[in-house]
Amino acid sequence: RDGRYVRRVRAAGEWTLGVGIVCLSTVGFCQAGPRAVCESSTADFGTLGNTQVVERVFTIRNGGDAPLRLGPIRPCLGVQVRLATNAGGPGAGTTVTAAMPLRDGRGAQNKRIYVGTDDPQQPFVQIRLTGHVVTREDLLPVRVRPAAVEFGTISALAVTSATVVLTANSNGVFRIEEVRVGEKRV
């Protein structure tokens, strides 16, 4: 009827009542209560410049047979999160919107968001934003260090020098076509 069976056992003149639960082949059928399900919990935003903001939407649905409550939410530093609703009945879903300004990032990024649940089997859902952040300088074919050299006041007979290092960013090949010397800047 409801997945339970009753068995009576006779041992040494006494009757013992045994109760068990029969689980059918459907996974999760025996779990009563709420069940948090997030099919796509990782979003890879690829390679973006550090002047952009990444925003991704994740869906958490209730795969159980009782209302699911969500919260609190604990995002990594630099990630802002909005939860559409914090509760839903069986089969209902809600969205979690994660926004991450990339202004302070550089290189590989792996940010996590933990959404608390009242699911007895899964007390939180982990959501991840991954990708690679590049600066404007990373996108240029050549990196120049320092970007400018300031000599200040130089007497007519003085010899003054400075070192400027040029480094290729991508394919390792570049050609110097011109060097300009201004009044004070090189």
Side-chain angles (χ1 to χ4, degrees), residues 21 23-149 163-174:
I21 296 178
C23 288
L24 302 178
S25 63
T26 305
V27 174
F29 178 78
C30 294
Q31 179 184 338
R35 194 177 77 149
V37 178
C38 184
E39 272 103 22
S40 182
S41 61
T42 299
D44 184 348
F45 58 83
T47 300
L48 293 175
N50 69 345
T51 59
Q52 296 177 289
V53 175
V54 172
E55 185 171 297
R56 297 293 184 268
V57 178
F58 301 89
T59 300
I60 298 175
R61 68 176 179 81
N62 183 357
D65 61 2
L68 173 70
R69 286 190 307 271
L70 300 176
I73 298 175
R74 295 185 349 243
C76 280
L77 185 64
V79 180
Q80 298 130 14
V81 180
R82 287 187 322 270
L83 181 63
T85 61
N86 65 351
T94 189
T95 58
V96 177
T97 303
M100 181 173 74
L102 302 178
R103 67 182 169 271
D104 296 327
R106 186 171 190 180
Q109 301 293 306
N110 186 12
K111 300 289 187 170
R112 290 177 168 80
I113 301 159
Y114 298 96
V115 180
T117 76
D118 64 348
D119 178 343
Q121 301 296 316
Q122 184 177 351
F124 64 89
V125 172
Q126 178 181 281
I127 296 171
R128 293 182 341 142
L129 288 172
T130 62
H132 193 81
V133 178
V134 294
T135 64
R136 186 180 73 79
E137 183 180 77
D138 294 331
L139 299 174
L140 296 174
V142 177
R143 187 174 308 155
V144 179
R145 294 275 186 229
V149 176
T163 301
V164 176
V165 178
L166 306 173
T167 308
N169 276 338
S170 57
N171 62 6
V173 178
F174 63 90

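- Counting heavy atoms from C-beta on, the side chains of Glu55 and Thr97 come closer than 4.5 Å.
- At distances below 3.5 Å, at least one donor-acceptor pair connects side-chain atoms of Thr117 with backbone N or O atoms of Gln122.
- The number of heavy atoms from other shown groups lying within 6.0 Å of CZ (Arg74) does not exceed 12.
- The heavy-atom pair separating Ala36 from Val125 by the smallest distance is CB-CG2, 3.8 Å.
- Between the side chain of Asn62 and the backbone N or O of Ala92, no donor-acceptor pair lies under 3.5 Å.
- Note: Leu77 CG to Lys111 NZ = 6.0 Å, rounded to the nearest 0.5 Å.
- Between Phe45 and Leu102 the shortest side-chain heavy-atom distance falls below 4.5 Å.
- Considering every non-hydrogen atom in both Pro101 and Gly78, the closest pair reads CD-O, 3.5 Å.
- Rounded to the nearest 0.5 angstrom, Ile73 CD1 and Phe124 CZ are separated by 14.0 Å.
- Residue Phe58 comes nearest to Ser40 through the heavy atom pair CD2-O, 3.2 Å, listed as atom of the first residue, atom of the second, then distance.
- Judged by distance alone, with hydrogens and angles left aside, the side-chain atoms of Asp118 form no donor-acceptor pair with the main-chain N or O of Leu68 at under 3.5 Å.
- Under the 4.5 Å side-chain criterion, counting only non-hydrogen atoms from C-beta, Cys38 is not in contact with Gln126.
- Within the 4.5 Å cutoff, the side chain of Thr94 has no heavy atoms near those of the Asn86 side chain.
- Using a 4.5 Å heavy-atom cutoff, the side chains of Val81 and Tyr114 are not in contact.
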Side chain to side chain contact (heavy atoms under 4.5 Å, CB included) assessment of Thr163 paired with Val165: CA-CA 7 Å; Thr163 301; Val165 178; 4.3 Å; yes
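- Atom CZ of Arg69 has 12 or fewer heavy atoms from other residues, nucleotides or ligands within 6.0 Å.
- In this structure, Arg35 and Asp119 approach most closely via the heavy-atom pair CA-OD2, 3.2 Å.
- Summarising the geometry, atom CZ belonging to Arg61 is positioned 15.0 Å from atom OG1 belonging to Thr95; distances are rounded to the nearest 0.5 Å.
- Annotation: the span from Ile113 atom CD1 to Arg128 atom CZ amounts to 11.5 Å, rounded to 0.5 Å.
- Atoms SG and CG, on Cys76 and Leu129 in that order, are 9.0 Å from each other to the nearest 0.5 Å.
- Contact detail for Pro67 and Pro90: the closest heavy-atom pair is N-CD, 4.3 Å.
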